[in-house]
Every structure is written in structure tokens, then in C-alpha cells.
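Bear in mind that the values here come from a model prediction, so they are computed numbers and not experimental data.
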Amino acid sequence: MNPAACIVAVVTFSLMPTFAMAQRWETNDDYPDAARRVGAQGDAEFSVLVGTDGKPKECRVTKSAGHPALDTATCDLIMRRARFNPAKDESGKPKEFYYANRVRWRMPD
């Protein structure tokens with residue numbers, strides 16, 4: 001783990017239904033070098049479309065962290081690592097849903 005960077009995932013708002021699993025999808029090693037070099041930090045808010053299999057189908061940053069490398073890393077990590085319990089319709093069949101949250105990118109003090 002790189003002591004020069006710190007990432008915190010924060011579940012403070014969401015459209016998260018009870019079937020979504022909140023978990024940490026990033027580590028300190030994921031802090032983008034370009035952002036680290038300039039001391040960039042911020043909160044990247046995102047929305048992800050979750051498929052019937054519980055895997056992300058698409059991700060978009062809905063509010064920038066203030067640096068393009070942080071925004072890009074946010075959705076890249078979500079698409080590679082996030083997994084959810086599928087939503088179900090009235091008949092119990094899996095259905096797609098949206099999940100919204102943010103990643104708080106912070107350099108250590």
C-alpha cells in the first residue's frame with residue numbers, strides 16, 4: 001500500500017436500494033499518478049447502471065472531483081470491481097437499476 005495517497009469511499013447519498021451492496025472498490029494504490037503529482041483531490045460523484053447480473057453496465061461521473069484523472073479512475077474502478085445484488089421486479093425476475101454514490105479522493109496530511 002502506498003503511504004503517499006489515501007482514498008476514502010463514502011456512502012453519504014445514493015439511489016441505493018436495499019439490494020445494493022456497499023463496499024470499498026478502490027485502494028491507496030489506485031490513486032492516479034497524474035493527480036498525485038499535482039496534489040489533486042476531490043469528491044467524484046458517479047451514477048452506475050447495474051445489469052440483471054449485478055455487474056455495472058455503464059458509469060458516468062455526475063460531479064467532477066476537479067481533476068480528469070480522478071474522474072476517469074472513479075468509473076474505471078467501478079466498472080472493473082463493483083458488484084451488486086440484482087434488483088428484482090414484482091414477479092421476482094432480475095432487473096436493471098441505477099446506483100449513485102461518490103468516491104472521496106484525498107491525499108494524506
Side-chain angles (χ1 to χ4, degrees):
M1 198 174 273
N2 184 344
C6 178
I7 305 170
V8 179
V10 179
V11 181
T12 56
F13 75 94
S14 82
L15 304 175
M16 182 176 70
T18 57
F19 42 79
M21 295 179 358
Q23 59 189 4
R24 187 169 177 154
W25 296 306
E26 71 292 316
T27 69
N28 289 344
D29 292 335
D30 296 318
Y31 212 97
D33 288 335
R36 184 182 298 121
R37 280 192 298 274
V38 297
Q41 52 187 10
D43 295 354
E45 296 180 8
F46 66 88
S47 176
V48 61
L49 175 61
V50 179
T52 57
D53 59 359
K55 295 179 182 177
K57 291 180 72 172
E58 62 184 54
C59 177
R60 68 184 178 95
V61 171
T62 57
K63 183 178 177 194
S64 175
H67 192 281
L70 297 177
D71 296 342
T72 299
T74 296
C75 277
D76 286 350
L77 292 168
I78 297 302
M79 293 300 293
R80 281 198 323 260
R81 298 181 184 158
R83 297 296 178 264
F84 299 84
N85 293 322
K88 306 231 181 203
D89 65 16
E90 301 79 29
S91 65
K93 294 171 77 174
K95 67 176 186 175
E96 294 181 345
F97 67 96
Y98 282 92
Y99 171 79
N101 205 333
R102 70 176 155 199
V103 173
R104 179 168 284 166
W105 297 92
R106 295 291 181 266
M107 299 292 291
D109 296 331

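- When all heavy atoms of His67 and Ser64 are compared, the pair lying nearest together is N-OG, 4.1 Å.
- Hydrophobic clustering places Ile78 together with Phe84 (ILVMFWY residues linked when any side-chain heavy atoms are closer than 4.5 Å, directly or through intermediates).
- The two residues Arg83 and Met79 come nearest to each other via the heavy atoms NH1-O, 4.0 Å.
- For Asp89, there are no salt bridge (Lys or Arg N to Asp or Glu O under 4.0 Å) partners two or more places apart in sequence or in a different chain.
- Here the shortest heavy-atom pairing between Met107 and Ala40 reads CG-O, 4.1 Å.
- With sequence neighbours excluded, the residues satisfying side-chain contact (heavy atoms from CB on, under 4.5 Å) with Ala73 are Pro32, Trp105.
- One distance of note links CG of Leu49 with OH of Tyr99; it measures 14.5 Å at 0.5 Å rounding.
- Among pairs with a residue in residues 45-100, those fulfilling disulfide (SG to SG under 2.5 Å) read Cys59-Cys75, at least two apart in sequence or across chains.
- Asp30 CG to Arg81 CZ: the interatomic distance, rounded to the nearest 0.5 Å, is 4.0 Å.
- Leu77 and Val48 fall within the same hydrophobic cluster, defined by Ile, Leu, Val, Met, Phe, Trp and Tyr side-chain heavy atoms under 4.5 Å apart, directly or through other members.
- Judged as a salt bridge (Lys or Arg N to Asp or Glu O under 4.0 Å), not a single pair has a partner in residues 61-77 (not counting sequence neighbours).
- Rounded to the nearest 0.5 Å, atoms CZ (Phe46) and CZ (Arg102) are 11.0 Å apart.
- When all heavy atoms of Gln41 and Leu70 are compared, the closest pair comes out as CA-CD1, 3.8 Å.
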Under 3.5 Å donor-acceptor pairs involving side-chain atoms of residues 51-58, not counting sequence neighbours:
unit_1: Asp53; atom_1: OD1; unit_2: Lys55; atom_2: N; d: 3.0
unit_1: Lys57; atom_1: NZ; unit_2: Glu96; atom_2: OE2; d: 2.4

